Peer 1: 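Below is one structure. I have some questions about it.
Read the numbers this way: they start at 1 and go in the same order the structure lists the ligands and their atoms. What you see is a predicted model; the values in this text were computed from it and never measured.
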Amino acid sequence: MTGSDVRNLMLAAREQHLLVPAFNIAYPMIEAVVGALVQTDAFGLIEVARPDLEHFEAKSLGAVADEFRRCADEHHCALHLDHVPVVDEVGRRVDWAAMIQEGLDCGYHSVMLDGSRLPLEENLAATRQVVEMAVPYGAPVEAELGSVLGHEPGPLPPYEQLFASGLGFTSVAEATRFVRKTGVDWLSVAVGNVHGALVGAAAQQPKVQARLALDRVRELAQATEVPLVLHGGSGIPAEYLRAAAREGVVKLNVATELRRAYQQAGEITGSVAAAQEAVAQAVREMVTDKLGIAGSATRLRTS
Ligand code: 13P
């Protein structure tokens with residue numbers, strides 16, 4: 001599997017309105033996720049982001065890539081570098097170019113630069129630079145426009161207020177220009193989706209059930225013509241996810257649901273194997289019942 005194969009698979013998924021879930025690997029759980037994808041014959045991405053390294057047990061980009069190569073099945077998964085921020089969730093500047101380069105050198109099939117906390121022109125320039133860095137590797141690049149809130153410390157604004165006001169939603173006009181000028185492959189959009197909290201009291205409470213502004217999804221998909229990405233996939237009701245897939249969302253990022261499945265089973269049983277089995281069960285249920293993509297790996301390969 002090459003980066004260019006992944007780019008083509010995502011385009012095929014968009015044609016067939018199939019979601020491609022991207023699971024964050026916060027703990028030793030790659031083998032469990034891959035096993036569940038193989039069992040259900042679904043195609044998904046294994047992804048890792050800075051919070052998985054800083055707050056949880058993902059260790060390093062190299063360690064995740066090694067583990068992926070040890071147990072991955074190339075018909076069912078590829079490896080993605082999630083959220084390399086220019087400015088992170090607590091306002092620190094990040095050496096994003098070094099981290100993107102590390103990911104590409106470690107063999108990640110695709111990478112994401114998150115310049116969404118920058119003014120538009122700076123986001124555009126940094127994203128353009130990453131698209132150029134990725135060319136020799138053939139790796140697709142994801143960028144973000146708009147504000148998918150939830151990772152920042154402190155409480156979110158009340159969800160209904162956020163949704164009704166469209167706070168931080170991706171603008172169609174900006175997205176159209178951004179995609180044209182950067183040449184980015186996939187665009188992460190803010191359309192009512194929020195990230196699950198990473199730390200603090202909110203991380204212990206149930207995640208808000210987000211809704212999606214489906215009209216905005218449709219407009220963004222039609223205007224940009226690239227596969228759209230939804231971050232904050234945990235807890236969004238199935239009917240919204242399936243409708244979003246019909247409108248042009250392809251990649252669905254999921255972290256909180258798997259992290260909590262692992263943590264809760266681990267706390268109850270004290271067993272890593274039981275925690276991993278809880279993760280596998282969560283992936284099987286999501287793929288089969290919620291997203292309805294069992295069999296997508298064969299459908300995408302033969303399309
Ligand atoms: P959730 O933790 O809300 O599933 O969001 C995951 C995500 O978007 C990772 O990039």
Peer 1: What atoms in ligand 1 come closer than 4.0 Å to a heavy atom of G233?
Peer 2: 4 (O), 5 (O)
Peer 1: Have a look at ligand 1 and work out which part of V148, if any, has a heavy atom under 4.0 Å from it: side chain, backbone, both or neither.
Peer 2: neither
Peer 1: Before you tell me yes or no, could you show the steps for D82 and N24 under side chain to side chain donor-acceptor pair (under 3.5 Å), namely the whole-Å CA-CA distance, both residues' side-chain angles and the distance that decides it to 0.1 Å?
Peer 2: CA-CA 8 Å; D82 182 33; N24 283 74; 3.1 Å; yes
Peer 1: Nearest protein heavy atom to atom 8 (O) of ligand 1, by residue and atom, and its distance?
Peer 2: G232 N, 2.8 Å
Peer 1: Ligand 1 and H195, any nitrogen or oxygen pair closer than 3.5 angstrom?
Peer 2: yes
Peer 1: Does the plane of the ring in F163 sit parallel, tilted or perpendicular to the ring in F169? Use 30° and 60° as the thresholds.
Peer 2: perpendicular
Peer 1: Only one of D88, D95, D114 clears salt bridge (charged side-chain N to carboxylate O under 4.0 Å, His left out) with R50; which?
Peer 2: D88
Peer 1: Applying a 4.0 Å heavy-atom criterion (strictly less than), which segment of E257 is in contact with ligand 1: side chain, backbone, both, or neither?
Peer 2: neither
Peer 1: What residue and heavy atom of the protein are closest to atom 4 (O) of ligand 1, and at what distance?
Peer 2: S234 OG, 2.6 Å
Peer 1: Relative to the heavy atoms of H83, which atoms of ligand 1 are at a distance of less than 4.0 Å?
Peer 2: 10 (O)
Peer 1: Give the atoms of ligand 1, by number and element, whose distance to some non-hydrogen atom of V254 is under 4.0 Å.
Peer 2: 4 (O)
Peer 1: Will you find, in the side chains of H83 and E47, an N or O donor that is under 3.5 Å from an N or O acceptor?
Peer 2: no
Peer 1: Please determine, by modelled atom types, if Q263 and E267 share a side-chain donor-acceptor pair under 3.5 angstrom.
Peer 2: no
Peer 1: Taking only heavy atoms of G196 into account, list the atoms of ligand 1 that are under 4.0 Å away from them.
Peer 2: 1 (P), 2 (O), 3 (O)
Peer 1: Counting heavy atoms only, which part of K207 comes closer than 4.0 Å to ligand 1: side chain, backbone, both or neither?
Peer 2: side chain
Peer 1: Heavy-atom pairs closer than 4.0 Å: do any link ligand 1 to the side chain of T256, the backbone, both, or neither?
Peer 2: both
Peer 1: Can you tell which of L45, V34, L37 makes a side chain to side chain contact (heavy atoms under 4.5 Å, CB included) with F23?
Peer 2: L37
Peer 1: Using 0.5 Å steps for rounding, measure from the OG atom of S60 to the CG atom of D66.
Peer 2: 7.5 Å
Peer 1: Run the numbers for me: atoms of ligand 1, each under 4.0 Å from some heavy atom of H231, listed by number.
Peer 2: 8 (O), 10 (O)
Peer 1: Please round to the nearest 0.5 Å and tell me the distance separating atom CG of L214 and atom CD of E219.
Peer 2: 11.0 Å
Peer 1: Give a yes or no on whether the ring-centroid distance for H231 and H195 is below 6.0 angstrom.
Peer 2: yes
Peer 1: Below 4.0 angstrom from a heavy atom of A255, which ligand 1 atoms are there? Numbered from 1 as shown, please.
Peer 2: 1 (P), 2 (O), 4 (O), 6 (C)
Peer 1: With heavy-atom distances below 4.0 Å as the criterion, list the atoms of ligand 1 near D82.
Peer 2: 9 (C), 10 (O)
